[in-house]
Amino acid sequence: MATGSEAAKPAEAVLEWHKQDNKRMLHAVYRVGDLDRTIKYYTECFGMKLLRKRDVPDEKYTNAFLGFGPEDTNFALELTYNYGVDKYDIGGGFGHFAIANEDVYKLAENIKSKGGKITREPGPVKGGSTVIAFAQDPDGYLFELIQRGETPEPLCQVMLRVGDLERSIKFYEKALGMKLLRKKDVPDYKYTIAMLGYADEDKTTVLELTYNYGVTEYSKGNAYAQVAIGTNDVYKSAEAVDLATKELGGKILRQPGPLPGINTKITSFVDPDGWKVVLVDHADFLKELQ
């Protein structure tokens with residue numbers, strides 16, 4: 001059967017790359033209205049470290065990276081402050097970030113003592129035993145606080161809402177080589193969640209996708225931007241993304257190649273729900289950190 005192009009690789013060969021690659025969740029990118037206020041909140045209330053900060057006056061923005069460990073091994077939050085913009089719409093699609101901690105009761109007390117906001121008091125999840133709480137940052141972003149033993153990655157989740165869970169699971173498996181770690185249906189509250197990632201939930205940052213029964217679309221707002229994932233080869237990874245978008249939806253926004261000025265190789269795309277992902281050459285990313 002003709003494929004239309006002699007050079008077209010069979011799908012199996014394209015997807016085989018995921019097994020050779022060692023992809024890693026690098027950071028989530030989102031916009032805040034006051035950088036210093038957010039840095040103060042995350043360091044004092046959550047116990048994060050300010051990892052680096054860069055101001056780009058030519059393009060009128062400043063970035064700050066925060067997390068619980070160095071960026072070459074740990075996930076980070078990349079905050080963007082655009083000069084003069086003090087408010088954003090988070091929209092209905094973005095859910096929360098999550099922080100694992102050995103004592104959520106104590107963490108919630110600390111957040112309150114520093115003037116932070118707890119929107120759900122610590123206690124077991126409905127119908128379960130895991131102790132959780134929710135905190136809200138000054139821009140309105142929610143953070144789930146999850147009680148868990150010591151972990152190499154306390155910044156443990158990015159939760160996004162999707163309109164078709166099966167389609168999304170297939171997409172992230174095929175486009176990014178993620179593993180479905182866990183799936184849970186909660187009919188009493190009319191939702192299903194799926195956890196996807198590159199290692200066990202208690203050792204890494206996972207993508208938590210939530211499907212609310214009957215809801216197929218969400219407003220994206222203009223606050224949350226994307227998640228960045230490291231790869232050994234953006235060109236080979238982009239081939240898998242291309243395959244997934246043709247079958248399941250979504251589209252490549254930026255073909256793989258170096259960014260002007262810094263030469264870091266990236267490719268970017270949106271998933272079938274419009275959530276953006278940027279794939280970054282891991283060696284180039286490490287050079288940027290030096």
Side-chain angles (χ1 to χ4, degrees), residues 24-46 48-72 74-97 99 116 136-143 155 158-160 205 207 219-231 234 251-271 274-290:
R24 181 172 80 83
M25 297 268 281
L26 300 178
H27 47 252
V29 184
Y30 55 105
R31 301 170 185 100
V32 299
D34 180 335
L35 203 53
D36 292 333
R37 177 183 68 182
T38 304
I39 291 169
K40 186 174 160 54
Y41 192 100
Y42 288 7
T43 52
E44 291 181 5
C45 294
F46 294 149
M48 289 185 199
K49 296 178 186 81
L50 173 62
L51 303 165
R52 60 184 167 125
K53 203 172 163 184
R54 63 173 180 215
D55 187 31
V56 187
D58 291 353
E59 293 177 41
K60 297 190 168 58
Y61 74 86
T62 311
N63 284 138
F65 293 78
L66 291 102
F68 291 100
E71 285 181 78
D72 55 357
N74 285 67
F75 191 69
L77 299 176
E78 178 181 341
L79 312 177
T80 301
Y81 168 70
N82 291 301
Y83 294 9
V85 185
D86 62 2
K87 213 172 165 104
Y88 291 94
D89 167 27
I90 291 175
F94 174 80
H96 61 256
F97 300 110
I99 296 170
Q136 191 171 37
D137 84 357
D139 288 276
Y141 292 100
L142 286 172
F143 281 77
L155 203 48
V158 178
M159 191 278 257
L160 303 170
T205 309
L207 198 56
S219 63
K220 291 285 177 304
N222 60 358
Y224 170 80
Q226 68 220 28
V227 70
I229 293 173
T231 171
V234 294
K251 66 172 183 195
I252 291 191
L253 301 174
R254 188 192 178 98
Q255 292 297 332
L259 282 169
I262 56 169
N263 291 325
T264 297
K265 293 180 285 299
I266 71 156
T267 183
S268 67
F269 63 93
V270 288
D271 77 358
W275 294 117
K276 187 178 172 186
V277 176
V278 178
L279 281 160
V280 183
D281 179 285
H282 207 249
D284 291 347
F285 172 71
L286 294 177
K287 267 182 226 151
E288 261 187 67
L289 295 179
Q290 283 164 12

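Reckoned from all heavy atoms, side chains included, excluding hydrogens, waters and symmetry mates.
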Got a second to check how far [X]'s [atom1] is from [Y]'s [atom2], nearest 0.5 Å?
X	Y	atom1	atom2	answer
Leu79	Arg37	CG	CZ	11.5 Å
Tyr224	Lys276	OH	NZ	10.5 Å
Asn82	Tyr61	CG	OH	9.0 Å
Ser268	Ile229	OG	CD1	12.0 Å
Asp86	Asp139	CG	CG	9.5 Å
Thr231	Ile266	OG1	CD1	12.5 Å

Please list, chain by chain and in numerical order, all residues satisfying side chain to side chain donor-acceptor pair (under 3.5 Å) with Lys220, sequence neighbours excluded.
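With neighbours one apart ignored, the set is empty.
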Contacts of Lys40 meeting side chain to side chain donor-acceptor pair (under 3.5 Å) (sequence neighbours excluded), chain-then-number -> Glu44
Between Phe46 and Phe143, does a ring pair (Phe, Tyr, Trp, His ring centres under 6.0 Å) hold up when you go through it step by step?
CA-CA 10 Å; Phe46 294 149; Phe143 281 77; 4.6 Å; yes
Heavy-atom closest contact (Gly230 atom, His282 atom, distance):
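Residues Gly230 and His282, closest heavy atoms: CA-CD2, 4.0 Å.
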So which atom in Asn263 and which in Pro258 form the shortest heavy-atom distance, rounded to 0.1 Å?
O-CB, 3.7 Å
Identify every side-chain donor-acceptor pair in residues 283-290 under 3.5 Å, counting partners at least two apart or on other chains, and give the distances.
{"residue": "Asp284", "atom": "OD2", "partner": "Lys265", "partner atom": "N", "Å": "2.9"}
{"residue": "Asp284", "atom": "OD2", "partner": "Lys265", "partner atom": "NZ", "Å": "3.0"}
{"residue": "Glu288", "atom": "OE2", "partner": "Thr264", "partner atom": "OG1", "Å": "2.8"}

Between Phe94 and Leu160, does a side-chain contact (heavy atoms from CB on, under 4.5 Å) hold up when you go through it step by step?
CA-CA 5 Å; Phe94 174 80; Leu160 303 170; 3.8 Å; yes
Is any side-chain heavy atom of Val158 closer than 4.5 Å to one of His96?
no
Is the shortest heavy-atom distance from the side chain of Arg254 to the side chain of Leu259 under 4.5 Å?
yes
Under 3.5 Å: donor-acceptor pair, side chain of Tyr83, backbone of Glu59:
no
Go through the steps for Asp55 and Tyr81 under the test side chain to side chain donor-acceptor pair (under 3.5 Å), then give the verdict.
CA-CA 9 Å; Asp55 187 31; Tyr81 168 70; over 6 Å; no
Go through it in stages, so that I can follow the logic: the residues are Leu155 and Asn74, the test is side-chain contact (heavy atoms from CB on, under 4.5 Å), and I'd like the CA-CA distance, side-chain angles, deciding distance and then a yes or no.
CA-CA 8 Å; Leu155 203 48; Asn74 285 67; over 6 Å; no
Residues at least two apart in sequence or cross-chain that pass side chain to side chain contact (heavy atoms under 4.5 Å, CB included) with Ile252, listed by chain then number, are Val241, Asp242, Gln255, Thr267, Phe269
If the condition is side chain to side chain contact (heavy atoms under 4.5 Å, CB included), which residues does Thr43 pass it with, not counting sequence neighbours?
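Partners of Thr43 by the side chain to side chain contact (heavy atoms under 4.5 Å, CB included) criterion, ordered by chain and then number, come out as Ile39, Leu66.
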Apply side-chain contact (heavy atoms from CB on, under 4.5 Å) to the pair Phe65 and Leu50, showing each step before the final yes or no.
CA-CA 6 Å; Phe65 293 78; Leu50 173 62; over 6 Å; no
Show me the donor-acceptor pairs within less than 3.5 Å that the side chains of residues 26-33 make with the rest of the protein, sequence neighbours left out.
{"residue": "His27", "atom": "NE2", "partner": "Glu78", "partner atom": "OE1", "Å": "3.2"}
{"residue": "Tyr30", "atom": "OH", "partner": "Tyr42", "partner atom": "OH", "Å": "2.9"}
{"residue": "Arg31", "atom": "NH1", "partner": "Asn222", "partner atom": "O", "Å": "3.0"}

Phe97 vs Asp137, side-chain contact (heavy atoms from CB on, under 4.5 Å): CA-CA, chis, key distance, verdict:
CA-CA 11 Å; Phe97 300 110; Asp137 84 357; over 6 Å; no
